[in-house]
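All values below come from the heavy atoms of this structure, side chains included, with hydrogens, waters and symmetry mates left out. Letters A, B, ... are given to chains in the order of the sequence lines, protein chains preceding strands, and every chain is numbered from 1. From a predicted model like this one, the values you see are computed outputs, not experimental measurements.
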2 protein chains.
Amino acid sequence: MSNLDQARVASRSTETTRAALIKAATSVFAEYGYDGGSVRLITQRATANQAAVNYHFGGKDGLYREVLNAATRAFEENAFLDAEELDGLSPEDALRRYLHQFLLPLVKRDRVSRYLRIFAWESVRPSVVFSAFVAHSPPRIFLLAERVVRRFLPQDASAETVTFATLWLAQQPMFFVRDAERLAQPPFSLKFDEDALERLVDTLARFSLRGLGNA
Amino acid sequence: MSNLDQARVASRSTETTRAALIKAATSVFAEYGYDGGSVRLITQRATANQAAVNYHFGGKDGLYREVLNAATRAFEENAFLDAEELDGLSPEDALRRYLHQFLLPLVKRDRVSRYLRIFAWESVRPSVVFSAFVAHSPPRIFLLAERVVRRFLPQDASAETVTFATLWLAQQPMFFVRDAERLAQPPFSLKFDEDALERLVDTLARFSLRGLGNA
DNA sequence: TTTCGCTTCAAACGGGCGTTTGAATTTCAA
DNA sequence: TTGAAATTCAAACGCCCGTTTGAAGCGAAA
């Protein structure tokens, strides 16, 4: 495998192609998930040849790992949410902030939003690539939900309860992020402008905090 | 199309094949969803020829519609949950009963459980077949969540709020039903026996009713 | 300018999918 | 028993997928 050697003396063209492929792959995987996103569509958006994916990344999975690496890096740089910042807030505000940040993809289409959508896809049906990836080094973003949940649970809560609650909280915003396009159409017809986003944050935060009982 | 004529004078063998295909399709679609379930696997489980699906049902989509019809019929016969029974309960008990019935597939593998799993799949990424099917006649099961939710919301709640809340409640149990196998493995390792089911119902009902705030 | 290694490219490969085909088989009324 | 209709069957078709191939293009060192 001379890929590493190639990278060391990479020409500008090489880096251009690699970057274009990673960028295109990020948007395609965010839209369709790993299994649903095709190499042909990625290379088409990157105006690159189909074989380029295999040449530069060893395959579709290698390209995806590169995207996941970039996402992990972004989250480690707290581009999404600072764990320490969370601790400085009250439990209620921490929950609210978590939901708000996670629902941002509904109105913004920046880089972090695409990463969040990819994670939302993986929370539905994890690809083998992703499973192997998180088995090696669990992404920080997954620990944020647990961090928020623990603020509410008693110290002596069982591991099962913590797992239930963490999975539960993590699912709250993911559904809306993943299915934004579908929810925009009948029979739901939900339009997500910034006001609707705030109302959704309100609703989810209220339900998450106090449930339907005090709605 | 002489399919209708054929059906009218169908031999016993015809009905046997049709029934075997529908039964096999129900289990395959419950396991893998519509897109993920292949005709080859269905016909293999039914010990039928691949072409039989097209001959008897006009295609994979026709077979799926047949399964959806059977599911709709089962739910209309209140095999899952009686809408009037719900109204007889307190809001809290109605919610609890809704969650319990919806989580039953975690420990039972009967016919209704398979139907529920199919709906859980469709709640993630609806197939075009399903979308067209529910556009024609929305299945009763989808109205149950709204029925439960309305008990908690004020009379003058906006349509958007009702939609938010209904989608929210419907998602609560679906995640666990859909991903039962995955959650049974590391890193979650959740074992769903009947006791764990009760604890999960407890947790979800508590969160849904009173949120994390009073956990 | 020639040469050599990196990169691009169009084309094809192999495999899974739903579907179609046409012949063989079974069924059942005449 | 015969003959036509209904059903089954193995095989192939066409499509999309990720990947491989080998030649062509390109840039920089000799």
Kindly say whether, by distance alone, the side chain of B/Arg40 makes a donor-acceptor pair under 3.5 Å with the base of C/dG16?
no

Winner on side-chain proximity to A/Asn49, out of D/dA12, D/dT8, C/dA10, is C/dA10

ask   = Does A/His56 place a side-chain N or O at less than 4.0 Å from the phosphate oxygens OP1/OP2 of C/dT8?
value = yes

| message | By the 4.0 Å heavy-atom rule, please label A/Gly37 as base, sugar-phosphate, or nothing. | response | sugar-phosphate

B/Ala51 has its side chain closest, among D/dA10, C/dA10, C/dT7, to D/dA10

| query | Is a side-chain N or O of B/Lys60 found less than 3.5 angstrom from the main chain of B/Asn54, in a donor-acceptor match? | reply | no

query = Is any NZ, NE, NH1 or NH2 atom of the basic residue among B/Arg125 and B/Asp35 found under 4.0 Å from an Asp or Glu carboxylate oxygen of the other?
reply = no

Among the nucleotides C/dC6, C/dC17, D/dG18, whichever has the atom closest to the side chain of A/Thr14 is C/dC6

Among the nucleotides D/dT8, C/dT20, C/dA10, whichever has the atom closest to the side chain of B/Asn54 is C/dT20

Side-chain atoms of A/Lys60 come closest, of D/dG18, D/dT8, C/dT8, to D/dG18

Discussion item. For the backbone of B/Phe80 and the side chain of B/Gln101, can you confirm whether one donor and one acceptor N or O come within less than 3.5 Å of each other?
Written reply: yes

- Give B/Gly36 one of three labels, base, sugar-phosphate or nothing, depending on what nucleic acid heavy atoms sit under 4.0 Å from its own. nothing

Less than 4.0 angstrom from a charged side-chain N to a carboxylate O is my criterion; do A/Asp61 and A/Arg65 meet it?
yes

Looking only at D/dT7, C/dT8, C/dG18, the nucleotide nearest the A/Thr17 side chain is C/dT8

